[in-house]
Amino acid sequence: MAKAEVKTYEKAFLLDIYRDMVRIRRFEEKAADCFTKGMLAGNIHLCIGQEGTVAGACKALEKGDYITSTHRGHGHCIGKGAKTNRAMAEIFGKATGYCGGKGGSMHIVDVSLGILGANGIVGAGISIATGSALASKVYGDKSVTLCFFGDGASNHGTFHESINMAAAWNLPVVYLCENNGYGVSVAINSIMKTKTIAVRAKAYDIPGVTVNGNDPLEVYEAVKKAVALAREGKGPSLIECMTYRHMGHYMGDTSWYRPKEYMEEAREKDAIDNFRKYLSGQGVSESKLNSIEQSMYDEIEAAYAFAQESPYPDVETVTQNMYTEENERCVAR
Amino acid sequence: MSRMSVSAAIREGMREEMLRDERVIVIGEDLGLMGSPFAITKGFLEEFGPRRVIETPIAESGFTGMAVGAAMRGIRPVVELMYNDFIGDALDPVMNQAAKLRYMTGGQVSIPLVIRAPMGAGRRNAGQHSACLEALFTHIPGLKVICPSSAADAKALIKAAIRDDDPVIFLEHKLLYAKKEEVPDGEHILPIGKACVRRTGSDATILTWSRQVYFALDAAAELERAGVDTEIIDLCTLVPLDWETIKASVEKTHNVLILEEGVKRGGVGAELSAQITEELFDELDSPVCRVAGLNVCSPFSPPLEDAVFPQVHNTVDAVLRLLNRAEAKI
């Protein structure tokens, strides 16, 4: 917390961040549990370990701002305000889910909250976020788009194409790379020569910083600064948040390809544990912290119950929403 | 009525929509000073300014993806791919994003995006600038696909495409751009999904679209001399299909030829043929016949290229065979 500690924060603000991190972790742990019990179809990609980045970054946004997310997107969406019950229902494939069960774990979206969507295609969100920033410029509104992507996506063509255009036109977008060290099984340092991803910002003549992604306050400060620049029309920034993916790429992946030191470090630097200690040091009582944890536990249990009790979508909806005006001949078998 | 080229008609249609709706923007390469390689956006930069005329770097994937993001925010982008062949660089934003997002979000978003692209052989542009890729797009649920042939339809349909809330692929045949035709003045919009009967006839139906409509008309004139009365339906829109018009014609002529410039294998004609065979089999006097491009990529050398896509005589011969009149003298 070195950089952040020199500042003072309102207690409510700090507790909000803690609550958000715990909410996301409880959600992910519950999803993992349900998956292990065979209750979830398909695949889920969990962001356990990355909550510090999400909570800090989302705190730097206004309500009218936008985010794009990734395949590992539950946390981003919850961080931007998605309701855990509808998010859980979506990963259960239920009618009450955000997308009526049509999207699933990789595609939680609530446009009314500025969540332009998680995305199953690595790198796709980078150009979508840039387009959202272009929209802000065309409208002349003051909204900013925060683009979450992983270290894996930083080597995708959309990274270069999008950041180049955003830089050229000073678009109001913040590119936030969650660098957890691995793209599925491939160590980032084995496929990239530069020591950091942030250094690439130089190529676009935009600000680029690498921060401790497990320190939500350090992330918050970096994102806040970048958001302010973007809102003032001074263009995009690239923020690289160093973090850890505690789980495999997806549930069921044991991450056997990582050295054991990775998880040792990850546990030692865990955002939630350390922030809890920090809060204690700031005089937050144990009972207050416990009550936050309990309330998040309760919220996620309620979300789970909501998802469980919700009906599956009516099979008739399978052909709906392909086009704005339903056209049977377009969608029939 | 005014006489104008197909390219001018598309430009006029786009310009009218940009004047009507501030949310309409154009995005693509060389759209500014140059006004696009086929002069479609000529004058737009001066008239609408760089806020709405977004001249991009050569980054098809990036700017097409951007257009999807902007569309999610309610902007109505008209993207120009310099050639439809360049979709190879930009397929993800079209296939996995634009086409699917409405569905995958349970109807939360519309993607009011138009992707315009010149297509087609005959200009000696060789294998990477000459394909007709409409079949690729019709295969993707969520897209609408428009392939106009006439200047009037091109103008009316680009306006309809821009007003449509779904992603529309608008394919313009390069060899039609310079074609001058009468275009109605003022507001004229054709609904997407309506075919146009270009010639009425009683012996055989030719289903076609884009540049091959003109080849079909020439073929019909030759066939008339052999006493064959051909009906020509310009489909205009490939998705959604105007099934009613197709059905009415098949029920009248009972003989169907599908004429398509693009490659035959897996072409739009294959799908049309299957639908007609499945649903109108009892109406048919002969098997549905396809005349289409060879299953090769477009060669450069003129005699080779001309051998790749259907010529008038291919269609004439095929209609005569269809009607068991191969011996007919023309």
Side-chain angles (χ1 to χ4, degrees), chain A residues 66 68 90 95 97-104 106-112 116-117 119-121 123-140 143 145 156-166 168-169 171 313 317 320-325 327 329-331, chain B residues 22-25 27 50-52 54 56-75 77 89-90 92-93 95-113 141-144 164-167 192-193 239-244 275:
Chain A
Y66 294 85
T68 61
E90 186 60 34
Y98 270 111
C99 308
K102 282 182 171 145
M106 279 190 283
H107 305 283
I108 294 169
V109 176
D110 185 342
V111 176
S112 69
L116 296 176
N119 208 303
I121 304 294
I126 306 181
S127 45
I128 290 177
T130 310
S132 168
L134 178 72
S136 296
K137 193 167 184 185
V138 174
Y139 287 129
S143 64
T145 303
H156 194 275
T158 51
F159 173 92
H160 169 63
E161 295 190 18
S162 301
I163 299 182
N164 175 58
M165 284 189 275
W169 303 327
L171 298 182
T317 64
Q320 291 169 8
N321 302 131
M322 207 64 239
Y323 294 94
T324 306
E325 286 170 24
N327 180 322
R329 197 157 186 101
C330 277
V331 293
Chain B
E22 279 271 318
R23 297 169 303 171
V24 179
I25 65 173
I27 302 180
R51 190 174 65 91
R52 295 175 66 201
I54 317 286
T56 68
I58 302 164
E60 288 86 0
S61 170
F63 70 70
T64 308
M66 265 178 56
V68 175
M72 288 181 88
R73 295 275 313 276
I75 297 289
D89 259 3
D92 182 72
M95 176 180 82
N96 276 321
Q97 311 299 332
K100 294 178 181 171
L101 283 175
R102 179 176 186 81
Y103 188 85
M104 294 189 78
T105 62
Q108 282 185 63
V109 294
S110 292
I111 309 291
L113 168 70
L143 302 178
K144 294 178 177 175
D164 199 273
D165 284 332
D166 294 319
I192 293 173
V239 179
L241 208 51
D242 183 356
W243 183 248
E244 292 314 309
Q275 289 194 28

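Note on naming: letters A, B, ... go to the chains in the order of the sequence lines (proteins, then strands), and numbering restarts at 1 for each one.
The greatest number of non-hydrogen atom pairs below 4.5 Å with chain B, out of A:T158, A:V138, A:L134, is found for A:V138. Listed options A:I128, A:T324, A:T317 were ranked by heavy-atom pairs under 4.5 angstrom with chain B; first place goes to A:T324. Ranked by heavy-atom pairs shorter than 4.5 Å toward chain A, the options B:P240, B:G74, B:G142 are led by B:G142. Counting heavy-atom pairs under 4.5 Å between each of B:P77, B:G107, B:G193, B:S110 and chain A puts B:G107 at the top. Of the listed residues (B:V68, B:D165, B:L241), the one with the most heavy-atom contacts under 4.5 Å to chain A is B:D165. Of the listed residues (B:M66, B:R73, B:Q97), the greatest number of heavy-atom pairs within a distance under 4.5 Å of chain A belongs to B:R73.
For B:I111, no part sits under 4.5 Å from any heavy atom of chain A, backbone or side chain. For A:F159, no part lies near chain B; criterion is any non-hydrogen pair under 4.5 Å. Contact annotation for A:S136: both backbone and side-chain heavy atoms come within less than 4.5 Å of a heavy atom of chain B. At a 4.5 Å heavy-atom cutoff, the contact between A:N119 and chain B is made by side-chain atoms alone. Interface residue B:T56: backbone and side-chain heavy atoms are both found under 4.5 Å from chain A. Contacts between B:I75 and chain A at a heavy-atom distance below 4.5 Å involve backbone atoms as well as side-chain atoms. At a 4.5 Å heavy-atom cutoff, B:I58 makes no contact with chain A through either its backbone or its side chain. Residue B:T105 touches chain A through both its backbone and its side chain, counting heavy-atom pairs closer than 4.5 Å.
Across all non-hydrogen atoms, the minimal contact from A:M165 to B:A59 is CE-CB, 4.3 Å. What you find for B:A99 and A:M322 is that their closest heavy atoms are O-CE, 3.5 Å. Across B:G62 and A:S127, no two heavy atoms sit closer than the pair O-CB, 3.6 Å.
Residues A:H107 and B:M104 are in side-chain contact: their nearest non-hydrogen atoms beyond the backbone lie under 4.5 Å apart. In this structure the side chain of A:T130 never reaches within 4.5 angstrom of the side chain of B:F63, judged on heavy atoms. For the pair A:V331/B:P141, no side-chain contact is recorded, criterion being any heavy-atom separation below 4.5 Å from C-beta on.
In this structure, a donor-acceptor pair under 3.5 Å is absent between the side chains of B:R23 and A:Y139. Between B:Q108 and A:N321, the side chains place no donor N or O within less than 3.5 Å of an acceptor N or O (distance only, hydrogens not considered).
Distance alone, capped at 3.5 Å, places no donor-acceptor pair between the B:D166 side chain and the A:Y323 backbone. Side-chain N or O atoms of B:Y103 include none that pairs as donor or acceptor with a backbone N or O of A:Q320 at under 3.5 Å.
To the nearest 0.5 Å, atom OG of residue B:S61 and atom NE2 of residue A:H156 are 6.5 Å apart.
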